[in-house]
Amino acid sequence: MWSPGREAQAPTGGDPAGLLPPEWEEDEERMSFLFSAFKRSREVNSTDWDSKMGFWAPLVLSHSRRQGVVRLRLRDLQEAFQRKGSVPLGLATVLQDLLRRGELQRESDFMASVDSSWISWGVGVFLLKPLKWTLSNMLGDNKVPAEEVLVAVELLKEKAEEVYRLYQNSPLSSHPVVALSELSTLCANSCPDERTFYLVLLQLQKEKRVTVLEQNGEKIVKFARGPHAKVSPVNDVDVGVYQLMQSEQLLSRKVESLSQESERCKEEARRACRAGKKQLALRSLKAKQRTEKRIEALHAKLDTVQGILDRIYASQTDQMVFNAYQAGVGALKLSMKDVTVEKAESLVDQIQELCDTQDEVSQTLAGGVTNGLDFDSEELEKELDILLQDTTKEPLDLPDNPHETLYTNSVPKPRILDAELEAELEKLSLSEGGLQVPSSKSPKRQLEPTL
C-alpha cells in the first residue's frame with residue numbers, strides 16, 4: 001500500500017521524456033512569446049491568444065499522459081515546464097480554459113459528482129478544500145490556486161480501463177468480489193499514489209463497473225462480470241463466497257506456519273540427539289507429532305472449504321451456461337414466432353405453383369410465333385429427319401456414258417435413259433401415223449409403213 005500522505009510529484013527542470021516541441025530549444029523569440037502572460041481577454045488579440053492556447057493545452061495533457069498521472073496541480077506544471085529559470089506565466093489561464101471545456105475537472109467536484117457511499121474512506125486521503133478555495137468558487141472567482149488538484153477526465157477514464165483489464169487478467173477475477181487491499185497491491189504499478197487509486201475506483205463506480213461494500217471493518221470491491229455488463233449490488237452470496245475465500249487464505253497461512261514449526265521441532269530433536277540430550281529430543285519429537293496432527297486437521301478443513309468453493313465456481317459456470325441457453329431459447333422462440341408447419345407447407349405449395357407457372361411461360365415464349373405463321377411441329381420434325389438422312393448418304397456415282405449431257409439449271413432435271421427415249425418414240429410414231437421407229441439395238445432396220 002501507499003503512504004497515506006504521499007503525492008505524485010511531477011519532475012522539474014523540463015520535460016523528462018525529451019518530447020518538447022522543436023522551438024523549445026531553437027526559437028528564443030517564439031518561446032519568449034509563449035512564456036508571457038495571456039491578455040485579459042481573448043477579444044484583445046485573438047490570434048496571439050489562440051496561438052498560446054494551441055501550444056500549451058495539448059502539451060499539458062500529453063505531459064500528464066507520459067508521466068502516467070491523472071491529477072494535476074499548477075505548481076507541479078510550473079516546475080515541470082521551467083526553461084532557463086523562467087516559468088510560463090499563462091499556465092493558470094490554460095488550466096482555466098481546460099476546465100471550461102470539460103477536459104479538466106476539480107478533484108472535489110469529481111468526487112461530488114459520483115453517487116458513492118464510501119467517500120468516507122477519504123479521511124486522511126480526500127481532504128476538504130481550504131476555505132479560500134470554497135470562497136473563491138462562491139464569489140465566482142475562476143482563478144486556479146497553485147495547490148488545487150485537478151483531474152484530467154480522459155486520462156482518468158483510460159486509467160480506469162487499464163485497472164479493469166488488469167483485474168480481468170489476474171487470478172483475482174475467478175470471483176467478482178475481492179478485498180480492497182488485494183486490489184490495491186495488484187494496481188500498485190498502475191496507480192502512482194493512493195489518491196489516484198481511489199479516483200480510479202470512483203470512475204469505475206461512476207461507470208457502474210464496480211461497487212464497494214464494507215464488511216466487518218474490511219472494504220471489499222465487486223466487479224462486473226463482463227466488459228460491457230453493469231455490476232450488480234453485493235448480495236449475501238457474494239459475502240458468503242468472500243468469507244469462504246478469506247477462510248481458505250487463513251487456513252493456508254496457518255498450514256504454512258505449522259509446517260515451518262514442524263520442521264523447527266524436527267531440527268531441535270536432531271540437535272538434541274547430537275548433544276546427547278535424549279529427553280529434550282523426545283519432547284521435540286512429541287511437539288512435532290502434535291503439530292503434524294494439527295496440520296492434518298487443518299488440511300481436512302482446507303479441503304472442505306476448497307471443495308465448497310469449487311462447487312460454487314462450477315455452479316456459477318452452470319448458471320452462466322443456463323442463462324446463455326435461456327437467452328438462446330428466447331431468441332429462437334422470437335425468431336420462430338410466426339412460423340408454423342401449416343404455413344411452411346402452404347409456402348412450399350405456393351413456391352411449387354409459381355415454379356410450374358414459370359416453366360409454362362418459358363415454354364410458351366420458347367415456342368412463340370414466327371412471322372405470324374403456325375407450323376406443325378410433327379411435320380417439321382419429319383422434314384428435319386429427311387434432311388438428316390440426305391446428309392448422311394454417300395455421294396452418288398456418275399454414269400459411265402461419256403455422251404450423256406448434264407443440264408445445270410436452277411431446277412435440277414432427272415436423268416433420261418436410252419430405253420425410255422425409244423419407248424417414248426414408239427408411242428409417238430404410233431400416235432402420228434403408224435410410223436415405226438427403229439430400235440437403237442437394230443440400227444440397220446428400215447422403217448416400213450404399216451397398211
Side-chain angles (χ1 to χ4, degrees), residues 157-158 161 164-165 167-169 173-176 204 207-210 222-233 235 237 310-401 404-417 419-420 424:
K157 292 179 180 178
E158 295 174 5
E161 183 67 28
Y164 186 80
R165 287 198 304 268
Y167 159 76
Q168 289 288 344
N169 297 328
S173 61
S174 60
H175 187 70
L204 289 172
E207 298 173 0
K208 299 186 182 304
R209 302 170 79 176
V210 304
K222 181 180 181 181
F223 281 82
R225 296 300 295 178
H228 304 292
K230 302 297 182 183
V231 66
S232 59
N235 52 33
V237 176
D310 290 340
R311 288 182 177 275
I312 292 175
Y313 295 151
S315 67
Q316 290 176 346
T317 304
D318 294 340
Q319 183 65 38
M320 293 174 60
V321 174
F322 177 79
N323 293 337
Y325 284 172
Q326 194 171 26
V329 170
L332 186 59
K333 285 182 179 179
L334 191 61
S335 63
M336 298 287 292
K337 181 178 180 181
D338 298 327
V339 179
T340 61
V341 177
E342 292 77 8
K343 289 183 179 180
E345 292 177 350
S346 176
L347 184 61
V348 171
D349 293 340
Q350 292 178 23
I351 294 174
Q352 185 62 44
E353 183 178 353
L354 290 174
C355 291
D356 295 340
T357 303
Q358 184 184 14
D359 292 340
E360 293 177 1
V361 171
S362 300
Q363 291 177 3
T364 302
L365 294 176
V369 178
T370 306
N371 296 329
L373 299 176
D374 294 334
F375 296 96
D376 189 354
S377 59
E378 294 183 0
E379 293 181 358
L380 292 175
E381 290 180 359
K382 289 180 180 180
E383 186 175 354
L384 180 61
D385 292 339
I386 294 173
L387 291 175
L388 292 175
Q389 291 176 4
D390 290 341
T391 55
T392 56
K393 289 182 179 180
E394 296 180 0
L396 299 175
D397 296 334
L398 296 175
D400 297 334
N401 189 355
E404 182 178 358
T405 303
L406 298 176
Y407 296 91
T408 58
N409 202 348
S410 60
V411 180
K413 296 182 179 181
R415 296 173 57 191
I416 303 176
L417 300 178
E420 294 177 352
E424 186 70 17

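Heads up: numbering here begins at 1 and tracks the sequence.
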Fill in the blank from the handout: Between Glu207 and Lys230, the two heavy atoms sitting closest are O-NZ, 3.6 Å
Practice task
Taking atom types as modelled, find out whether Asp359 and Gln363 have a side-chain donor-acceptor pair closer than 3.5 angstrom.
Solution key: no
Exercise for the section: Report yes if some heavy atom in the side chain of Lys222 is under 4.5 Å from a heavy atom in the side chain of Ser232; otherwise report no. Expected result: yes
Practice task
Answer yes or no: is there a side-chain heavy-atom contact under 4.5 Å between Val348 and Gln352?
Solution key: no
Practice task
Output all residues satisfying salt bridge (charged side-chain N to carboxylate O under 4.0 Å, His left out) with Glu161, sequence neighbours left out; order by chain, then residue number.
Solution key: Arg165, Arg209
Main-chain N/O of [Y] paired with [X] side-chain donor or acceptor, under 3.5 Å:
X: Tyr164; Y: Ala224; answer: yes
X: Ser346; Y: Glu342; answer: no
X: Ser173; Y: Asn169; answer: no

Handout entry: Test side chain to side chain contact (heavy atoms under 4.5 Å, CB included) applied to Leu334 - qualifying residues, sequence neighbours left out
Key = none
Completion exercise
Sorted by chain and residue number, the side chain to side chain contact (heavy atoms under 4.5 Å, CB included) partners of Lys343 (sequence neighbours excluded) come out as Asp338, Thr340
